[in-house]
Amino acid sequence: MSMKLLRGRVLDFVAEPQGIDDTDSYRYFEDGAVLIEGGKIIACGAYGDVKPAGVNCEIIDHRPQLIMPGLIDPHIHFVQMQVVASYAANLLEWLNTYTFVEEQKFVDLAHGLAIASEFFDTLIRYGTTTAVAYCSVHKASAEAFFTEAEKRNMLMIGGKCMMNRNCPEALQDTPQSGYDDTKALLEKWDGRGRNIYAITPRFALSSTREQMDMVRALINEFPDAYVQTHLSENDKEIATTLDLYPEHQDYLAIYEHYGFLGPKSLFGHAIYLSDRELGVMAETKSVAISCPTSNVFLGSGLFDRDKNKAAGVRIGIATDIGGGTSFSMLKTLDSFYKVQQLKGNRIDPITSFYMMTLGNAEALSLSDKIGTLAVGSDADIVVLDASSTPEMALRLEIVSSLAEELFLLQTLGDDRAVVETYVAGVAMKSELGD
Ligand code: GUN
Ligand code: ZN
């Protein structure tokens, strides 16, 4: 098997940073290298230590760029690529006016395949190598998603939405068909290649109790499966949900009742949690996924990182396209930073970059495979350039530390800062030819 050596400035994380000066939380090699064989990382460190002697090895010189683990986006709707930038007053109006209209098109497999192809190419352009995606209610949309992911050999998690009320009839499954389709998709795709299936009840508002019972049955049948849903995103959504489930004391209690909580359960947004809910999230090791560009765009609210951390809640950070406004995880960090500023919290750039790599991998319980450049990891890698625009280059001239460079990347960077994206050791961005 042939080897490939990427040379450049190498950065990855080994632990959650405890602040901007926590140099123990990361590895940084000024003249570093990552050695790849068979889609896996077999060595990482100083170039002189990693370069194999006397072996045939392709060397790709990325100096002076930054080589990092591929970016991870743990909450995104692949069926909303054509919903991004839709003008609405709030979440429920946005869903009813644009999103539920657009998602109906995914009954057609050909449409799903075309959008899925665009979707994965876009992720590659933005340096995202793993995402956790919502498909539409249609089985065909999940088929399209996994078919295109498999073609690119990307590690993807996804699932068809289960939803049977408070949306157009064309977007409704039934408790039985939602169960049957989910089970069939899970049995077909989960663990096939790098694909992973997530049981995906959209949110409590769009499922009847009968459907929630069926979700519980699936979770019991497939206890190792991921579960993804939305939680406590917007005031009207919360009020409507509590009206629909008056027997439960708060939003999270609904999901608790139906057995949704656990270490592989991902709750999008989770903005307005009470102390009780935070406590239960922490106790069950459930994950809150913050989606800052979406929360600001839809006027949903401001996620409080410090409050969640203090309660011991596991946190991920994501784009939430199409409520979110950028596919860029760099822009997502920028938005998260600004939201935390408004909450009176500080988030330093070392911690931010941890969040979109190892942090999100830990949130997905996948840090043994992705999110770092550790030996044995999948060779999903991004190469970043902090001088990708003239104004960034100008600003970079007076940057004097790694933390400053990362902050510049997160504040001004976007897809132009992504020089290359490797998926399982294969250069993919340059192959797109644009
Ligand atoms: N809640 C239920 N569905 C959605 C969705 O598609 N986007 C967002 N942001 N919130 C939701
Ligand atoms: Zn969402």
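Just so you know, ligand 1 is whichever comes first in the structure, and atom 1 is the first atom listed for that ligand.
At a threshold of 4.0 Å, the pair Asp12-Arg27 counts as salt-bridged, since one of the basic side-chain nitrogens sits closer than that to a carboxylate oxygen. Under the 4.0 Å criterion applied to side-chain N and carboxylate O atoms, Asp213 and Arg216 are assigned as salt-bridge partners. By the 4.0 Å N-to-carboxylate-O rule, Arg152 lies too far from Glu431 to be salt-bridged with it. Under a 4.0 Å N-O distance rule, the pair Asp173/Arg202 does not qualify as a salt bridge.
Remark: Pro74 engages Val132, Ile289, Ala318, Asn360, Leu364 in a side chain to side chain contact (heavy atoms under 4.5 Å, CB included) (not counting sequence neighbours).
A ring-ring contact (aromatic ring centres under 6.0 Å, His included) check over residues 154-189, counting only residues at least two apart or in different chains, returns the pairs Phe146-Trp189.
Each of Lys160, His138, Lys188 was compared with Glu143 under the side-chain hydrogen bond (donor to acceptor under 3.5 Å, both in side chains) criterion, and only Lys188 meets it. A side-chain hydrogen bond (donor to acceptor under 3.5 Å, both in side chains) with Ser207 is found for one member of Glu210, Gln211, Arg209 and no other, namely Gln211.
For Tyr251 and Tyr245, the gap between ring centers reaches or exceeds 6.0 Å.
Nearby protein atoms of type N, O or S around the Zn ion (ligand 2) amount to 4 (distance under 2.8 Å).
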Tabulated below should be the N or O atoms of ligand 1 paired with protein N or O atoms at under 3.5 Å; can you produce that?
{"from": "ligand 1", "atom 1": "3 (N)", "to": "Arg202", "atom 2": "NE", "distance (Å)": "2.8"}
{"from": "ligand 1", "atom 1": "6 (O)", "to": "Gln80", "atom 2": "NE2", "distance (Å)": "2.8"}
{"from": "ligand 1", "atom 1": "6 (O)", "to": "Arg202", "atom 2": "NH2", "distance (Å)": "2.7"}
{"from": "ligand 1", "atom 1": "9 (N)", "to": "Glu233", "atom 2": "OE2", "distance (Å)": "2.8"}
{"from": "ligand 1", "atom 1": "9 (N)", "to": "His269", "atom 2": "NE2", "distance (Å)": "3.4"}
{"from": "ligand 1", "atom 1": "9 (N)", "to": "Asp320", "atom 2": "OD2", "distance (Å)": "2.8"}
{"from": "ligand 1", "atom 1": "10 (N)", "to": "Glu233", "atom 2": "OE1", "distance (Å)": "2.7"}
{"from": "ligand 1", "atom 1": "10 (N)", "to": "Glu233", "atom 2": "OE2", "distance (Å)": "3.4"}

